[in-house]
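Worksheet: the structure to be examined is printed underneath.
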Amino acid sequence: MLDQNTFRETLHLVQRVAASSDQPMSREEALSYFQDMELSPEQQELVYRFLLQAKASEDDAKKISKLEQSQEQRLYQRLRAGDQAVIGEISQQWLQRIVTMAREYQRDGFYLDDLVQEGNLALLTALHELLGCQEEQELEKRLVEAVMDGIEQYMGLESGAQQQEETILAKVTLLHEARELLKAQSGEEPSVKQLMDYTRLTVQEISDIMDLMEKANR
């Protein structure tokens, strides 16, 4: 089964590689990063469309002519009919809308470009899921919800990772200070029990942090 976190991390890694290159990345080169994941043809198509879409800037989005509502509805009808070629047309039409939605979520610690890319990825994923879907539903509402969920999930994951890093750093700092203070008081290396009593950390936490500190000093 495809690990979604690994897939998303790899996808963003490839996007950064592609963005830093003067030459456009070929489809074959892009997919080579995923060779161990056994992507389906649909997932391969999603990867390449995402990379193409990620190159589009906010200025590019403003240059795209907005379709009339009736024209958009015809695109959705083609999507329901299973026309995969329409995915690119719909995603282009949605680019400026995603930029606007991402701006509403933007806050300290989150870059607009990252939020837009997450919105694009969520949109493309939803479009592939809806391809050939005959079920009666409001496609536009479904796509809006997908983009919002994608951005919110990204922000939640990023916030959680940042909080975890800050917690670990605080514990490392606390243990280091406790170790230095107790050593200065007794003239010898403090025991694990002394460190536990001083810091209120568990034996496992102290062991893990000590391992990290030893590796960092190698």
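Proximity of Leu115 to Met155: side-chain heavy atoms (C-beta onward) are separated by under 4.5 Å at one or more points. In this structure, the side chains of Ser91 and Asn120 stay at 4.5 Å or more apart for every pair of heavy atoms. Using a 4.5 Å heavy-atom threshold, the side chains of Glu152 and Met148 count as touching. Between His176 and Arg179 the shortest side-chain heavy-atom distance does not fall below 4.5 Å. The side-chain heavy atoms of Leu131 and Gln84, taken from C-beta on, include a pair separated by under 4.5 Å. Considering only heavy atoms from C-beta on, Ile90 stays 4.5 Å or farther from Arg78 through its side chain. The shortest distance between side-chain heavy atoms of Val86 and Gln77 does not fall below 4.5 Å. Residues Tyr33 and Val47 form no side-chain contact, since every pair of their non-hydrogen atoms from C-beta on lies 4.5 Å or further apart.
The nearest pair of heavy atoms linking Tyr198 to Ala178 is CD2-CB, 3.3 Å. Listed here is the closest heavy atom pair of Ala122 and Ala146: CB-O, 3.3 Å. Between Ile98 and Val116, the shortest heavy-atom distance links the atoms CG2-O, 3.7 Å. The minimum heavy-atom distance between Glu29 and Ser26, with the atom names listed, is N-OG, 3.1 Å.
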Checklist line | Intermediate values then yes/no, side chain to side chain contact (heavy atoms under 4.5 Å, CB included), Leu112 and Arg103 | finding: CA-CA 7 Å; Leu112 180 63; Arg103 283 191 179 280; 3.9 Å; yes
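Rounding to the nearest 0.5 angstrom, the gap separating the CD atom in Gln117 from the CD1 atom in Ile151 is 11.5 Å. In this structure, CG in Leu31 is found 11.0 Å from CE in Met37, a value given to the nearest 0.5 Å. Atom CE in Met101 sits 6.5 Å away from atom CH2 in Trp94 (nearest 0.5 Å). Separation of atoms CE (Met25) and OG (Ser32) is listed at 7.5 Å; rounding is to 0.5 Å. Note that CD1 of Ile87 and CD of Glu89 are 10.5 Å apart. Values are rounded to the nearest 0.5 Å. Leu127 contributes atom CG, which lies 9.0 Å from atom CG of Leu139 (distance to the nearest 0.5 angstrom).
The existence of a salt bridge linking Glu129 and Arg142 is confirmed by a sub-4.0 Å separation between a basic side-chain nitrogen and an acidic carboxylate oxygen. Ionic pairing of Arg27 and Glu45 is present here: one or more N-O contacts between side-chain nitrogen and carboxylate oxygen are shorter than 4.0 angstrom. Using a cutoff of 4.0 Å between basic side-chain nitrogens and carboxylate oxygens, Glu205 and Arg200 are not scored as salt-bridged. Between Lys183 and Glu189 there is a salt bridge, since at least one side-chain N of the basic residue sits less than 4.0 Å from a carboxylate O of the acidic one. With respect to the salt-bridge test (charged N to carboxylate O, under 4.0 angstrom), the residues Arg97 and Glu104 do not qualify.
Counting heavy-atom neighbours within 6.0 Å of Gln185 CD, excluding the residue itself, gives a total above 12. Residue-environment remark: NZ (Lys66) exceeds the threshold of 12 foreign heavy atoms within 6.0 Å.
No continuous path of ILVMFWY side-chain contacts below 4.5 Å connects Leu174 to Ile206, so the two sit in separate hydrophobic clusters.
Side chain of Thr125 to main chain of Leu121: a donor-acceptor pair is present (N/O by atom type, distance under 3.5 Å, no hydrogens or angles). Between the Gln93 side chain and the Leu67 main chain, a donor and an acceptor come within less than 3.5 Å of each other. Judged purely by atom type and a 3.5 angstrom limit, Gln153 has no side-chain atom pairing as donor or acceptor with the backbone of Gly150.
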